[in-house]
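Report on the structure given below.
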Amino acid sequence: MNISIISPYDIERNGITSYAVSFQKALNSISGVKTKMVGVVDSDFVNDCCESIVVIRKNSFSDYINAVSVLNEWSDIVFIQHSHDSFGGENGNFILMLFKGVKKPIITSFHQLTQEPSIARKRQIETIGQLSTAVVAFSNQAFEVLDHIYKVPSEKIVKIDYGVSEFNHLGREELRSNLGFDSKKIIFSYGFLNREKALQTILNALPSVNIKHPDVEFVFIGQTDSYTIKKEGEAYRFELNLMLQKSGLTNRIHLINKYVEEEELQRYLIACDLFITPYIGHSHIQSSVLTQGMALGAAIVSTPFWHSNELLSDNRGEFVSETSTEMVSEKIISLLANGSKLVKMRQSASDYGKHFKWSKILPKYQKLFQRCVDEVNNDVVEKFNELLLIPGAEPNYLNKLTDTTGMIQNAISAIPFLKDGYRIEDNALALMLYVRKFKMFGDSQSFDKINLFLSFIQYMQKDDGGFSPSLSYDRQRHKGDCSEGAFGLTLWALGELMANSPNSTYVQIAKDLFFNSVHIVPLLTSVKGMANALLGIANYLKVSKGDELMINYADKIVKQLVMQFNDESDRGWEWFSSSFSQDDAIVCLSLLEAAPFSKSKNAIDIAVKGLTFIESQVFINNFFSLVGSKSKLTQVAKKEEFDQYSIDMLPMVLIYEKLFKITGNQDYLKKHKSALMWFLGDNSLRKSLYDHSDGGCFQCLTKNGPNKQEGADSSLAFWISYYSYISTFSEGLMVR
């Protein structure tokens, strides 16, 4: 039997990685079983001794698609170790591609669950539960949560305890001597360092403990986890070290920044006098180190959380509050003074912990595998082969157009045309792109780019709140005001940043810039300008729902657009003005986004009518042929076919994204893909505007084919469309 184990794979061995490696070794001990580790990694390369590792780059859309065929070809069973934020895509939805594409039975174990999940998290786990052949719960509490909160069918859930490797150690006293613990009382804790650990409470309790037990020492071993490093570096460890300096116990408290292999960890767990697991919050579904502590017969003190409540019941351990320094110190003092109680705690833990050894756990898995092996998921999404047509690259081409000032307007192929300098709208679009990309992937490159483009917009804002239209390469702002469309687009980008910012500082800067400019909004007259500005206001209101001034602004624009639609619509001409340019399509998206904040009851209906009108002109024979730029479409003038500009396709992409996420209608998902495929050659001339050689996008489709200019706006339009489609496709895999 061939079993593929899919797991977050960290070369520094986080808890789930360690468990997956231990699980693989245990399975390999079963006769007739072969395993492959499919590691999901943050980087492009894993340098690790683990055998047979197949790598999925966490944020690579195409890696998940490519993994489907590999898994189908080799596996009899696919076993997924699931945790939040370990898989790519918005809310980690890329993993759903495997559930939809793999034909073999899939077993899932959830390492993180909460009783109050976000709507997106809940839907994802519900979907995984529906598509899994079986779901493993590590505890009774996990079983209840999966059954009652996430609506996973109870007949699919199997309760199997967390497995622990077999061990063969020296006696406890010999281990203590080898570790230098002979004459000391050792309190030990282990795990990745982050703010979910209540280490401050323990450190504050130790001076009182030291008065009663001057021979006590506290040892914490663990590296700062990668998420914390990305978010704040080593700030938390620095805070703890400051506390340590002030405690006067620098020789008694050891915060050791390293990862230890399983055998070394087991030695500490056996040799220590007390093992403490301090978590903030009660919804930790499992703790691998707590399970190991039980199996090794440690005397355990823990904060109360789901897994500890279950494991330490019936006097198998003691509980303390994560916030009460006094309670922690009193409990430790009492236990260290009562040697006979510690002996009983160790024996009780050891007796119960025997159930967690792999020799006891593996027969349960063998029974589960036998049950699942004939239950094949035939609901395979056939469009995976089509998805391989879509490039899985990063927008590296845009890096060539970006310097320390911002994004340069034009390029000939991959060579930036420096004389054209920088435009406000290109940098606003760039800000929007990297805000969306960061929301999906949380990558450091996007974070840095957000900083750059926000800084550019800040520099371009004038004292009156308007924005200069452009900047020369020598950083001289050009006089005058930008167009209404560019002004509105800049507000839109600031709104998206406020709604999806990676940190509070960016929110405040964006908010200041937004409110310096928003007073100009009532003066806008063009459909495109009003629509873009409305998108900015709607995004702002997503995080500031009670702002009456902005609600009033949004409502007035919506009413103005609705009135224009009603005034201009006549005999099949259902549009907001007497003429139509392709870039005006953005008005439909703005009404969809602003509808929740407007008193107008028919904003969405009018947006859909407007879209239906656009489709009657541009969606023919199941592909898009945009209204050309030579002249505007009117009731009298026929549609010009060329030139079709790449930037003009972006509104269509975003409209279908929004409509699909509102309605779940698969027709919108299909048209969303058709809109993206316009860039890739599904257009009037069957020519790709996306340049596969460098990752840029040609500016427009002329009657002779794509022109040779790869501008910033066209390339940005493609990459925003690309990430929009990935997000929507992932959303489309949800069970509704």
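Keep in mind it's a predicted model, so treat the numbers as computed, not measured.
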Counting only N and O atoms by type, is there a donor-acceptor contact under 3.5 Å from the side chain of [X] to the main-chain atoms of [Y]?
X      : Y      : result
Ser727 : Tyr723 : no
Lys671 : Tyr656 : no
Gln124 : Asn91  : yes
Asn2   : Asp76  : no
Ser313 : Glu310 : yes
Asp225 : Phe192 : no

Examine Tyr162 together with Phe356 and report whether their ring centres are nearer than 6.0 Å. no
Tell me if the centroids of the rings in Phe181 and Phe188 come within less than 6.0 Å of each other.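 They do not qualify: ring centres at least 6.0 Å apart.
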How about [X] and [Y]: do any of their side-chain heavy atoms sit closer than 4.5 Å?
X      : Y      : answer
Lys159 : Asn140 : yes
Lys100 : Leu131 : yes
Val102 : Asn72  : yes
Phe23  : Trp358 : yes
Leu312 : Met294 : yes
Thr291 : Asp161 : no
Tyr190 : Val260 : yes
Val68  : Leu98  : yes

Acceptor/donor pairs from residues 344-352 side chains to any protein atom, 3.5 angstrom cut, sequence neighbours excluded:
from: Arg346; atom 1: NH2; to: Asp273; atom 2: O; distance (Å): 3.2
from: Gln347; atom 1: NE2; to: Asp351; atom 2: OD1; distance (Å): 2.8

Around atom [atom1] of [X], are there more than 12 heavy atoms from other residues, nucleotides or ligands closer than 6.0 Å?
X      : atom1 : value
Glu116 : CD    : no
Lys122 : NZ    : yes
Lys156 : NZ    : yes

Assess whether ring-ring contact (aromatic ring centres under 6.0 Å, His included) is satisfied between Tyr19 and Phe138, documenting all intermediate values. CA-CA 12 Å; Tyr19 175 78; Phe138 290 127; 5.6 Å; yes
Partner of His672 under ring pair (Phe, Tyr, Trp, His ring centres under 6.0 Å), chosen from Tyr725, Phe729, Phe660: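 Result for ring pair (Phe, Tyr, Trp, His ring centres under 6.0 Å) with His672: Tyr725.
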Between Tyr150 and Thr127, is a side chain to side chain contact (heavy atoms under 4.5 Å, CB included) present by the stated rule, with each step listed? CA-CA 9 Å; Tyr150 295 98; Thr127 298; over 6 Å; no
What residues form a side chain to side chain donor-acceptor pair (under 3.5 Å) with [X], not counting sequence neighbours?
X      : result
Thr277 : Ser302
Arg195 : Glu232, Glu239
Asn178 : none

Just jot down the side chain to side chain contact (heavy atoms under 4.5 Å, CB included) partners of Ser359, sequence neighbours excluded, or say none. Glu166, Lys357
Do you know which of Val135, Val152, Ile106, Leu96 makes side chain to side chain contact (heavy atoms under 4.5 Å, CB included) with Ile128?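 So, applying the side chain to side chain contact (heavy atoms under 4.5 Å, CB included) to Ile128 and each of Val135, Val152, Ile106, Leu96, only Leu96 qualifies.
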Residues which pass ring-ring contact (aromatic ring centres under 6.0 Å, His included) with Phe87, listed by chain and number, not counting sequence neighbours: His82
Enter the distance from Ile187:CD1 to Leu274:CG here, rounded to the nearest 0.5 Å. 6.0 Å
